[in-house]
Amino acid sequence: MQKILVVATHPDDETLGAGGLMLRKKNEGSKIFVLNMTCMSIDSGFSNEQINQRSIEVEELINSYPLDGYYNLGLKPAMLDTYRVSELIGKVSGVIKEVKPDTIILPYMHDIHSDHRITFDICYSCTKNFRYPYIKKILMMETPSETDFAIADKIFSPNYFIDISKYIDRKIEIAKIFKSEILEHPFPRSEQNIRAYGVLRGAVIGSDSAEAFCLVKEIV
């Protein structure tokens, strides 16, 4: 049985980047886990109302797939660079060792958001085969509003695609759980843009809708 761990820097990243894959693989019998790096807190400038609303949204997210496990490190958003690298590696490594995934999906290493880049670096350092021999595949996903702002020589160039034609509508429904994150077009994280990503990537493989990834490593 395939075990997939999707690493989200912020809640909703997992759905924007790999929601269709998660739905399809779950339907095919795989176990799906999410490791979320950051969350709202009073210390990071959010109100109790915002924090409570986000907690409700995350619970709905978990039940929507449904996930086989959700790990929230509770780190401060937009402040990952204030933590010691060794501390972050220890937290991520602990989750990976518990889940023992064969596939890990990470944010794109050149995303414009510094939290995304730090997440990739920390998580990728936890994939060495002599320490984590069960990891056989590593993918990077694209996240609207982050991946599409990478500079020219760092642009996302996918080489791994998955047909999500049967799942794009459900992916959008789940994305809309995060009401403050999915706004009207031309905002990058809009229903229209999420659907456009699917159409664009689907045209590459001859399907109505697809998600695209960069294959970092595969051991067969």
Given Asp169 and Arg195, is the salt bridge (charged side-chain N to carboxylate O under 4.0 Å, His left out) satisfied, shown in steps?
-> CA-CA 8 Å; Asp169 290 337; Arg195 198 174 294 278; 2.9 Å; yes
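- A donor-acceptor pair under 3.5 Å is absent between the side-chain atoms of Asn193 and the main chain of Arg189, judged by distance alone.
- For His113 and His10, the distance between ring centers is under 6.0 angstrom.
- Counting only heavy atoms from C-beta outward, the side chains of Lys76 and Thr82 never approach each other to under 4.5 Å.
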- Query: Please walk me through it: do Tyr71 and Val34 pass side chain to side chain contact (heavy atoms under 4.5 Å, CB included)?
  - Reply: CA-CA 6 Å; Tyr71 299 84; Val34 168; over 6 Å; no
Please walk me through it: do Lys26 and Asp68 pass salt bridge (charged side-chain N to carboxylate O under 4.0 Å, His left out)?
-> CA-CA 9 Å; Lys26 180 70 176 180; Asp68 295 283; 2.8 Å; yes
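- Linking ILVMFWY side-chain heavy atoms closer than 4.5 Å, directly or via other members, places Met141 and Ile182 in a single hydrophobic cluster.
- The backbone N or O of Ile4 sits nowhere less than 3.5 Å from a side-chain atom of Lys31 that would complete a donor-acceptor pair.
- Between Arg54 and Glu181, at least one side-chain N (NZ, or NE/NH1/NH2) sits under 4.0 Å from a carboxylate O, which counts as a salt bridge.
- A pairwise comparison of heavy atoms in His185 and Ser190 identifies N-CB, 3.6 Å as the closest pair.
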Check step by step if side chain to side chain contact (heavy atoms under 4.5 Å, CB included) holds for Leu73 and Asn36. CA-CA 6 Å; Leu73 297 189; Asn36 181 67; over 6 Å; no
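- Nearest heavy-atom pair, Val7 versus Met37, reported as atom, atom and distance to 0.1 Å: CG1-CG, 4.2 Å.
- Between Phe178 and Pro11, the shortest heavy-atom contact is CE2-CB, 3.7 Å.
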| message | For a side chain to side chain contact (heavy atoms under 4.5 Å, CB included) check, start with the C-alpha distance between Tyr70 and Leu61, then their side-chain angles and the critical distance, and finish with the verdict. | response | CA-CA 10 Å; Tyr70 187 87; Leu61 167 82; 4.0 Å; yes
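- Rounding to the nearest 0.5 Å places CG of Leu139 at 10.0 Å from CD1 of Ile104.
- Within the model, atoms CG of Asp115 and CD of Glu146 stand 9.0 Å from one another, a figure rounded to the nearest 0.5 Å.
- Considering every non-hydrogen atom in both Ile155 and Ala150, the closest pair reads CA-CB, 4.4 Å.
- By the 4.5 Å heavy-atom criterion applied to side chains, Tyr65 and Ile32 are not counted as neighbours.
- Interatomic distance, Lys179 NZ to Ile56 CD1, rounded to the nearest 0.5 Å: 9.0 Å.
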Practice task
Could you please spell out the steps behind the salt bridge (charged side-chain N to carboxylate O under 4.0 Å, His left out) verdict for Glu28 and Lys25?
Solution key: CA-CA 5 Å; Glu28 292 173 352; Lys25 292 297 183 179; 3.8 Å; yes
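- Put simply, the side chain of Leu35 reaches to within 4.5 Å of the side chain of Leu5, judged on heavy atoms.
- Hydrophobic cluster membership differs between Phe33 and Ile174, with clusters built from Ile, Leu, Val, Met, Phe, Trp and Tyr side chains linked at under 4.5 angstrom.
- Using a 4.5 Å heavy-atom cutoff, the side chains of Ile162 and Arg24 are in contact.
- Applying the 6.0 Å contact sphere to NZ of Lys136 captures more than 12 heavy atoms from other residues, nucleotides or ligands.
- Taking 4.5 Å as the limit, every side-chain heavy atom of Asn72 sits out of range of all side-chain heavy atoms of Val58.
- The distance from atom NE2 of His110 to atom OG1 of Thr147, rounded to the nearest 0.5 Å, is 11.0 Å.
- The hydrophobic cluster containing Tyr124 does not contain Ile105, counting ILVMFWY residues as joined when their side-chain heavy atoms lie under 4.5 angstrom apart, directly or transitively.
- In this structure, Arg170 CZ and Ser64 OG are separated by 4.5 Å, a value rounded to the nearest 0.5 Å.
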Identify all side-chain donor-acceptor contacts of residues 200-218 below 3.5 Å with residues at least two apart in sequence or on another chain.
residue	atom	partner	partner atom	Å
Arg201	NE	Glu142	OE2	2.9
Arg201	NH2	Glu142	OE1	2.9
Ser207	OG	Ser209	O	3.2
Glu211	OE1	Gly20	N	3.4
Glu211	OE1	Leu21	N	2.8
Glu211	OE2	Gly19	N	3.2
Glu211	OE2	Gly20	N	2.7
Glu211	OE2	Lys171	NZ	2.6

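- Residue Ile112 is found in a hydrophobic cluster whose other members, listed by chain and number, are Phe149; membership requires side-chain heavy atoms under 4.5 Å apart, directly or through intermediates.
- Between Cys123 and the options Val95, Leu88, Val92, Thr9, a side-chain contact (heavy atoms from CB on, under 4.5 Å) holds for only Val92.
- The two residues Glu87 and Tyr83 come nearest to each other via the heavy atoms OE1-CD2, 3.8 Å.
- Qualifying side chain to side chain contact (heavy atoms under 4.5 Å, CB included) partners for Lys97, counting only residues two or more places apart in sequence or in other chains: Ser93, Tyr132, Tyr134.
- Closest of all the heavy-atom pairs between Gln50 and Met40 is O-SD, 3.6 Å.
- The cluster map of Ile, Leu, Val, Met, Phe, Trp and Tyr, joined by side-chain heavy atoms under 4.5 Å apart, puts Ile89 and Ile96 in the same cluster.
- In the model, Asp148 has no side-chain atom that pairs as donor or acceptor with a side-chain atom of Tyr108 under 3.5 Å.
- One finds the CG atom of Asp102 at 11.0 Å from the CD1 atom of Ile219 (value rounded to the nearest 0.5 Å).
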request  = Please step through side chain to side chain contact (heavy atoms under 4.5 Å, CB included) for the pair Thr143 and Asp111, ending with a clear verdict.
outcome  = CA-CA 8 Å; Thr143 309; Asp111 277 356; 4.2 Å; yes
request  = Check step by step if side chain to side chain donor-acceptor pair (under 3.5 Å) holds for Glu57 and Gln53.
outcome  = CA-CA 6 Å; Glu57 291 169 348; Gln53 178 61 34; 3.3 Å; yes
